[in-house]
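So the structure is just underneath, and the comments pick up after that.
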Amino acid sequence: MPELPDVEIFKRYVDATALHQTIKEVSVKSRQILRGVSPQTLAQKLQGHQLASTWRHGKCLFLQLEEHGGSLVLHFGMTGFLKYCKDGKAMPPYTRLLLGFSNGAYLAFACQRMLGKVAFADDDQAYIEERGLGPDALALEWEPFKERLAAKRRSIKAALMDQGLLAGIGNIYSDEILFQVRVHPHTEVSKLSEAVLHQIYKTMRAVLEQAIQCQVDPTRMPQSWLLPHRDPKGQCPSCGEALLRDKVNQRSAYLCPNCQKKNA
DNA sequence: GGTAATGTTAGACT
DNA sequence: TAGTCTAACATTAC
């Protein structure tokens, strides 16, 4: 689930559960998810400290320690999520990292497919730069958005999903944005008029914000959206046509062949 | 048993 | 050189 709106919900979840408690225990269950930090170093950085605040950049969640002590950085891959448990027994399956607090509760980072990543950043901004991430999709203004995408020869779907251009959009939400703007995902960015690009920008903001409001729960999203119908048997909520599953960038893109014509 | 799944990335290619 | 594309990564469910 973890695209920008999902990670924003994880951020709010941490804010509501795990702040301002002293970390007693740091247990790395799967070493493989660590990026650029050893289990020993991670434990040493975290133990005895508290999570003071959180913020999100694209799909990355930063859990900041008090007194500028650096941040625990979480990336959720395709299957990652967080769970705050009152005791260690309620731990979800595939827990890869477990933080134990002085009040006896735990924060578990789970990811079934091991594509999630855990890192430690002494400086959040430097970390973002090192990883080559573009500006956060919700923080990005129209003018820089236009400049970043300008004249790209790749498809609009690939461009929206490129974390180096702008950070936070993945397969699901790029489909949703392009469906709402009625643009075919294969369309080359350079072929889009400025007016259409502007529509894409505005729709991107609206979709991301509303998805957060809906708690990323498809059943709460408007029925006019693609997302609640996004499966191989789904029908277009606008015209009733059977949805098409196409390949863009090695990923399956869902679209309505009637509403999203090429060269439209 | 083959295929696909909400992500990233190193290396190949143009 | 820069931009773009592909395969690989690990695991489970249908």
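Below, chains carry the letters A, B, ... as their sequence lines are ordered, and counting in each starts from 1.
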| In Watson-Crick or G-U wobble terms, both distances under 3.5 Å, what is the partner of dT4(C)? | dA12(B)
| message | Taking the six-membered ring for Trp, are F109(A) and F76(A) closer than 6.0 Å centroid to centroid? | response | yes
| K59(A) side chain near dT6(B) phosphate (N/O to OP1/OP2, under 4.0 Å) | no
| field | dT1(C) versus dT9(B) - spacing of their P atoms, nearest Å | value | 22 Å
| note | A correct 5'-to-3' footprint of nucleotides 4-14 of chain C, with B, S and - meaning base, sugar-phosphate only and no protein heavy atom under 4.0 Å, is SS-S-BBBS--
| message | Looking at dA5(B), I'd like to know if its phosphate oxygens (OP1 or OP2) sit under 4.0 Å from a side-chain N or O belonging to T79(A). | response | no
| What interatomic distance, in whole Å, is found between P of dG11(B) and the corresponding atom of dA10(C)? | 16 Å
| message | In this structure, how many angstroms lie between the P atom of dT6(B) and the CG atom of L208(A), rounded? | response | 17 Å
| query | When the distance from CZ of F10(A) to P of dT6(B) is rounded to whole Å, what number comes out? | reply | 15 Å
| message | Quick one: does any side-chain atom of Q163(A) pair with a main-chain N or O of G168(A) as donor and acceptor, under 3.5 Å? | response | yes
| message | Donor-acceptor check, side chain of E176(A) to backbone of L227(A), threshold 3.5 angstrom: yes or no? | response | yes
| Below 4.0 angstrom, N of the basic side chain to O of the carboxylate: do R245(A) and D231(A) qualify? | no
| On a whole-Å scale, what distance lies between the C1' atoms belonging to dT6(B) and dT4(C)? | 23 Å
| request: Find the distance K117(A):NZ to dA10(B):C1' and express it as a whole number of Å. | output: 13 Å
| request: For the residue pair S190(A) and E188(A), confirm or rule out a side-chain donor-acceptor distance under 3.5 Å. | output: yes
| task | Would you please confirm or rule out a distance under 4.0 Å between OP1 or OP2 of dT8(B) and any side-chain N or O of H75(A)? | result | yes
| Integer-rounded Å distance: dT6(B) C1' and Q163(A) CD | 12 Å
| message | Tell me whether the count of non-hydrogen atoms from other residues, nucleotides or ligands lying under 6.0 Å of NZ in K146(A) goes above 12. | response | yes
| said: Between Q21(A) and S102(A), is there a side-chain donor-acceptor contact under 3.5 Å, judged purely by atom types and distance? | reply: no
| query | For L165(A) and dT9(B), what is the distance between atoms CG and P respectively, to the nearest whole Å? | reply | 14 Å
| Watson-Crick or G-U wobble partner of dA10(C), both distances under 3.5 Å | none
| message | Would you say the rings of Y106(A) and Y84(A) are close, in the sense that their centroids are separated by under 6.0 Å? | response | no
| query | Can you check whether L226(A)'s main-chain N or O pairs, donor with acceptor, with D175(A)'s side chain at less than 3.5 Å? | reply | no
| task | Using only side-chain N and O atoms of R245(A), determine if any of them is under 4.0 Å from OP1 or OP2 of dA4(B). | result | no
| note | When rounded to whole Å, the OH to P distance for the pair Y127(A) and dT8(B) reads 11 Å
| task | Figure out the CD/P separation between E130(A) and dT8(B), and round it to whole Å. | result | 17 Å
| To the nearest angstrom, how far is L34(A) atom CG from dT8(B) atom P? | 18 Å
| Can you tell me if CZ on R153(A) sees more than 12 non-hydrogen neighbours from other groups inside 6.0 Å? | no
| query | Which comes earlier along DNA chain B counting from the 5' end, the contact point of I172(A) or that of R35(A), where each point is its nearest nucleotide? | reply | I172(A)
| query | So which of residues 142-149 of chain A are in contact with DNA chain C, with a heavy-atom cut-off of under 4.0 Å? | reply | none
